[in-house]
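Encoded as structure tokens, here's the structure I'll be asking about.
Predicted model, so just to flag it, every value in this text is computed and none were measured. Letters go in sequence order (proteins before strands), and every chain restarts at 1.
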Amino acid sequence: MATTELASWYSAHGRHDLPWRETRERWFVLVSEVMLHQTQVPRVLAAWPDFIGRFPTPEAMADAGPGAVIEAWGRLGYPRRARRLWESAVRIAALGWPDDLTELPGVGRYTAQAVLSQADGQDAPAVEVNVRRVVERVTGRRLADREAEAAMVEIGAPLIGRDRLLALMDVGAGPCRPREPRCQECPFTSRCATRGPLELETKSRQAPFEGSFRQRRGEVLARLRAGPTPIALLDARALRSLVTDGLAAIDDTTARLP
DNA sequence: AAACCGGGGGC
DNA sequence: GCCCCAGGTTT
């Protein structure tokens, strides 16, 4: 089996222009990984340099406070990520990095493995949506989490660790894209079980945004980013939800970032 | 297992 | 209009 096809494909077609791929510092990798959760690469590319420039270390972010981080997060979406990132920074600044990175808020199995493989040179398989799509199409069936990790190791060989993750990720974002894959350009085409999407491949669907509670939450947060606001002007339930998430603070009759 | 988060880009 | 995005947490 020509297993070196992935390596040569990655060398020629991988994304070698992403700034967070140039570092092996845990903090830089963690910030980029969190920012990339459910957020497309072009949007992170536009926001990451300024953000990491402002918070170049966990200490810098911890000292800045949650409101400054939420404000700097801007309109990237899922602002709970910003709050949890600040909480992680506080913990790292005070106690150092935990042995188990999933102890950090907002860090699950994928992110922990992604940081270890990219920053620490460990051979930890990290499966996100792109990798999962590739290995499920190549093997021809849906895979449980640990199965997908094992498949990632087999299919990615002889690449390991960081290169394996980035190469498979780029295959998933390129030729093995969700819709209308370009199998002729894929390094796995000769050994792929499906050469196309699996049946019922995408399973998650989100509720309509217009008129939703999410929309109201977003509007309240946008207002608070502009400055302290009288509570009476804000959607009460949305504001309460933001306070619960640590994204807003209330004193007397005014709401503001925490 | 499914819902939730919340903003945008591609087609 | 629908689908998707380098997920994690909560129910």
Quiz item: CZ of A:R80 versus P of C:dG8: gap in Å, rounded?
Solution: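 About 14 Å, once rounded to whole Å.
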Practice problem: Could you check A:R179 against A:F213 and say which one's nearest nucleotide on DNA chain B is further toward the 5' end? | Solution: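 The 5'-side residue here is A:F213.
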Self-check item: P spacing across the pair C:dC3 / B:dA3, given as an integer number of angstrom
Solution: 15 Å
Quiz item: What is the distance, rounded to the nearest whole Å, between atom CD of A:Q38 and atom P of C:dA6?
Solution: 9 Å
Quiz item: Is the closest side-chain donor-acceptor distance between A:S241 and A:R216 under 3.5 Å?
Solution: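 Not at all, the side chains of A:S241 and A:R216 share no donor-acceptor pair under 3.5 Å.
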Self-check item: A:E180 vs A:L76, nearer the 5' end of DNA chain B by closest nucleotide
Solution: A:L76
Quiz item: What does A:R225 touch in the nucleic acid at a heavy-atom separation under 4.0 angstrom: a base, only the sugar-phosphate, or nothing?
Solution: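 Sugar-phosphate contact only.
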Quiz item: Relative to the 5' end of DNA chain C, which residue comes earlier, A:E33 or A:P105, by the nucleotide with the nearest heavy atom?
Solution: A:E33
Exercise. Have a look at A:P79 and say if it touches a base, only the backbone sugar-phosphate, or nothing, with a 4.0 Å heavy-atom cut-off.
Key: sugar-phosphate
Quiz item: Of the nucleotides C:dC5, B:dG7, C:dG7, which has the atom closest to the A:E128 side chain?
Solution: C:dG7
Quiz item: Quick one: A:R109 CZ to C:dT9 C1', roughly how many Å, whole number?
Solution: 17 Å
Quiz item: Are A:E201 and A:R142 within salt-bridge range, i.e. N to O under 4.0 Å?
Solution: no
Practice problem: Could you check how far CZ of A:R177 sits from P of B:dC11, rounded to whole Å? | Solution: 8 Å
Self-check item: C:dA6 versus B:dC11 - spacing of their P atoms, nearest Å
Solution: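 The same atom, P, in both gives a distance of 14 Å.
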Quiz item: Looking for any heavy atom pair under 4.0 Å, which part of the strands does A:W73 touch: base, sugar-phosphate only, or nothing?
Solution: nothing
Quiz item: Which part of the nucleic acid, if any, lies within contact of A:R43, taking any heavy atom under 4.0 Å across all strands shown: a base, the sugar-phosphate backbone alone, or nothing?
Solution: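 If one applies the 4.0 Å heavy-atom cut-off, A:R43 turns out to touch a base.
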Quiz item: Base, sugar-phosphate, or nothing: which does A:L18 touch, judged by heavy atoms less than 4.0 Å apart?
Solution: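 Counting heavy atoms under 4.0 Å across all strands, the contact made by A:L18 includes a base.
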Practice problem: Could you state the atom-to-atom distance from CD of A:E201 to P of C:dC5 in whole Å? | Solution: 9 Å
Exercise. Have a look at A:R133 and say if it touches a base, only the backbone sugar-phosphate, or nothing, with a 4.0 Å heavy-atom cut-off.
Key: sugar-phosphate
Quiz item: Separation of A:D245 atom CG from C:dG8 atom C1', in whole Å?
Solution: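 Distance check: A:D245 CG to C:dG8 C1' gives 13 Å.
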Exercise. Apply side-chain contact (heavy atoms from CB on, under 4.5 Å) to A:W97 and A:L30, showing your working.
Key: CA-CA 11 Å; A:W97 291 82; A:L30 176 63; 3.9 Å; yes
Practice problem: Please determine if A:D145 and A:R132 form a salt bridge, counting it only when a charged side-chain N lies under 4.0 Å from a carboxylate O. | Solution: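 Salt bridge present between A:D145 and A:R132.
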Exercise. Identify whether any heavy atom of A:R81 sits under 4.0 Å from a base atom; if not, whether one sits that close to sugar-phosphate; answer base, sugar-phosphate or nothing.
Key: nothing
Quiz item: Looking only at N and O atoms, is any donor in the side chain of A:Q40 or the base of B:dG7 less than 3.5 Å from an acceptor on the other one?
Solution: yes
Quiz item: Looking for any heavy atom pair under 4.0 Å, which part of the strands does A:T111 touch: base, sugar-phosphate only, or nothing?
Solution: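 Answer is sugar-phosphate: A:T111 comes under 4.0 Å of backbone atoms only.
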Exercise. State plainly whether the residues A:R91 and A:E103 are in salt-bridge range, i.e. N to O under 4.0 Å.
Key: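 A salt bridge links A:R91 with A:E103.
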Quiz item: What is the distance, rounded to the nearest whole Å, between atom CZ of A:R75 and atom P of B:dC5?
Solution: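 Checked: the CZ to P distance equals 17 Å.
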Quiz item: Reckon A:V107 touches a base, only the sugar-phosphate, or nothing at all at heavy-atom distances under 4.0 Å?
Solution: sugar-phosphate
Self-check item: Interatomic distance where CG belongs to A:L221 and P belongs to B:dC5 [whole Å]
Solution: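 After rounding, the reported distance stands at 13 Å.
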Exercise. Measure up the A:F55 and A:F51 rings against each other and bin them: parallel (under 30°), tilted (30 to 60°), perpendicular (over 60°).
Key: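 A:F55 vs A:F51 ring planes: perpendicular.
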